Amino acid sequence: MKLYTFDSAPNPARLKMFIDYKGIAIDTQQMDMAKAAQLDTSYTEIVPEATLPALVLDDGTRLTEVIAIAHYLEGIYPDRPLLGTTASERGLILNWNHRIFNTLFMACAEAFRNGHPAYAGRALPGPQNFEQIPALAERGKSRLMDGLEMINAELADRPFIAGQQLSFADIDLLAVMTFAKWAAKTEPTEAMSDLNAWRQRATEALHDNT
Ligand SMILES: N[C@@H](CCC(=O)N[C@@H](CS)C(=O)NCC(=O)O)C(=O)O
């Protein structure tokens with residue numbers, strides 16, 4: 001199998017944290033998004049979605065969603081599970097993955113891609129070009145702050161977002177907080193003490209190699 005990615009971009013960054021935590025080695029090609037490598041025909045002939053990351057399996061099967069790539073990899077590399085081991089853990093982690101993606105990640109992407117001049121005519125990723133809608137940049141920032149408040153409240157009664165242990169949902173949240181800082185100039189306030197404490201705890205758990 002082969003992974004096409006660009007580690008510093010937000011969605012690839014989620015996958016990189018997952019892969020590094022699990023200690024998996026994969027044949028990987030970095031595609032320079034700063035040079036629009038994801039739109040080059042040499043890539044779109046393999047991955048017509050024109051997004052990163054993408055995992056192409058040996059039989060040609062193409063996985064283009066981070067959560068799907070993570071599920072595939074966890075299936076073949078079950079050690080250090082990040083997607084749950086019981087039915088309820090699996091359900092809850094996926095629940096939070098979708099919720100964080102739809103609320104925080106999409107809000108941040110909306111704010112960034114509809115407000116930054118570099119994305120004029122490219123407001124959405126993928127093979128089609130879409131014009132920016134400036135009002136979405138403002139709405140995105142407001143949704144992002146609402147989302148951070150919601151997560152702060154959720155974290156009042158548990159150490160990690162999907163329960164007692166680090167999971168892929170925590171990785172989603174760490175990635176979007178980095179994305180929000182540089183792309184939407186949005187950070188949690190000091191008053192969001194449960195979110196700030198979680199961030200330190202999750203970062204330490206992610207880098208704990210014991
Ligand atoms: N839902 C996809 C999102 C993939 C995505 O949008 N990736 C961005 C990089 S963070 C991309 O490929 N952008 C291409 C572009 O902007 O042209 C996933 O889960 O991986």
Side-chain angles (χ1 to χ4, degrees), residues 1-22 24 26 28-57 61-75 82-83 90 93-133 136-137 140 143-144 147 161-162 167-184 186:
M1 64 182 157
K2 181 160 179 177
L3 177 66
Y4 299 89
T5 194
F6 185 56
D7 285 342
S8 56
N11 283 296
R14 295 194 285 146
L15 186 59
K16 181 168 167 45
M17 283 188 256
F18 174 88
I19 287 173
D20 288 351
Y21 178 82
K22 289 174 77 76
I24 303 171
I26 304 176
T28 299
Q29 185 171 334
Q30 297 290 328
M31 308 290 296
D32 191 348
M33 282 183 62
K35 295 185 179 149
Q38 78 280 10
L39 300 176
D40 196 280
T41 48
S42 61
Y43 182 61
T44 56
E45 275 166 8
I46 306 167
V47 181
E49 292 85 348
T51 54
L52 294 162
L55 184 70
V56 181
L57 308 186
T61 302
R62 203 169 66 241
L63 300 177
T64 58
E65 300 293 317
V66 170
I67 190 65
I69 298 172
H71 270 267
Y72 176 78
L73 292 174
E74 182 121 319
L82 283 168
L83 290 163
R90 286 192 196 102
I93 293 164
L94 199 53
N95 187 80
W96 277 108
N97 162 268
H98 276 247
R99 201 156 167 204
I100 291 165
F101 191 83
N102 285 328
T103 55
L104 294 162
F105 236 93
M106 292 313 291
C108 191
E110 235 170 46
F112 182 50
R113 297 190 71 123
N114 288 286
H116 197 291
Y119 286 94
R122 286 286 303 157
L124 291 170
Q128 260 94 39
N129 291 328
F130 288 95
E131 292 306 324
Q132 292 174 314
I133 302 174
L136 283 181
R143 282 178 68 206
L144 195 48
I161 192 65
S167 77
F168 192 71
D170 297 288
I171 288 179
D172 290 321
L173 195 47
L174 286 171
V176 82
M177 285 173 74
T178 302
F179 186 28
K181 184 177 177 186
W182 66 259
T186 301

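Fair warning: this is a prediction, and the values are worked out from it, not measured in the lab. Order of appearance sets the numbers: ligands from 1, and atoms from 1 within every ligand.
The closest approach between Phe101 and ligand 1 falls below 4.0 Å for a heavy atom of the residue. Look at Pro12 and you'll find a heavy atom under 4.0 Å from some atom of ligand 1. By the 4.0 Å heavy-atom criterion, Thr64 is counted among the residues contacting ligand 1.
The neighbour count for Lys181 NZ, taken as heavy atoms of other residues, nucleotides or ligands under 6.0 Å away, does not exceed 12.
Distances between N or O atoms of Gln38 and those of ligand 1 include at least one value under 3.5 Å. Of the polar atoms of Leu52, at least one N or O is found under 3.5 Å from an N or O of ligand 1, judged by distance alone. By the 3.5 Å distance cut-off applied to N or O atoms, Tyr119 is not counted among the residues near ligand 1. For Gly126, no nitrogen or oxygen atom sits less than 3.5 Å from a nitrogen or oxygen atom of ligand 1, counting backbone and side chain alike.
In summary, the atoms of ligand 1 found under 4.0 Å from a heavy atom of Pro53, numbered by their order in the structure, are 20 (O). Within ligand 1, the atoms closer than 4.0 Å to a non-hydrogen atom of Pro10 are 10 (S), numbered from 1 in the order shown. The atoms of ligand 1 that sit less than 4.0 Å from any heavy atom of Arg113 are 15 (C), 16 (O). Numbered from 1 in the order shown, with element, the atoms of ligand 1 that lie under 4.0 Å from a heavy atom of Thr51 read 12 (O). Atoms of ligand 1 found under 4.0 Å from any heavy atom of Arg122 (numbered from 1 in listed order, with element): 15 (C), 17 (O).
Proximity of a side-chain donor or acceptor of Tyr43 to a complementary backbone N or O of Thr51 within less than 3.5 Å is detected. With hydrogens and angles disregarded, no donor-acceptor distance shorter than 3.5 Å links the side chain of Glu131 to the backbone of Ala123.
Separation of atoms CG (Asn129) and CG (Leu39) is listed at 8.0 Å; rounding is to 0.5 Å. To the nearest 0.5 Å, atom CD1 of residue Ile69 and atom CG of residue Leu3 are 6.0 Å apart. From Asn97, atom CG reaches atom CD1 of Ile67 across 3.5 Å, with rounding to the nearest 0.5 Å. The distance from the CG atom of Leu124 to the OH atom of Tyr119 is 11.5 Å, given to the nearest 0.5 Å.
Closest non-hydrogen pair, Arg14 versus Val66, comes out as NH2-CB, 3.4 Å. Between Ile19 and Leu73, the shortest heavy-atom distance links the atoms CG1-CD1, 4.1 Å.
Ring geometry for Phe112 versus Trp182: interplanar angle over 60°, hence perpendicular rather than tilted (30 to 60°).
Regarding atom 6 (O) of ligand 1, its nearest protein heavy-atom neighbour is Pro125 CG, 3.5 Å. The protein heavy atom nearest to atom 2 (C) of ligand 1 is Glu65 OE1, 3.4 Å. Protein heavy atom nearest atom 19 (O) of ligand 1, with residue, atom name and distance: Val66 N, 3.0 Å.
At least one side-chain heavy atom of Thr5 sits under 4.5 Å from a side-chain heavy atom of Gln30.
For the residues Thr5, Asn11, Leu39, Asn129, the heavy atom positioned nearest atom 10 (S) of ligand 1 is part of Asn11.
Neither the backbone nor the side chain of Met31 has any atom closer than 4.0 Å to an atom of ligand 1 (non-hydrogen atoms only).
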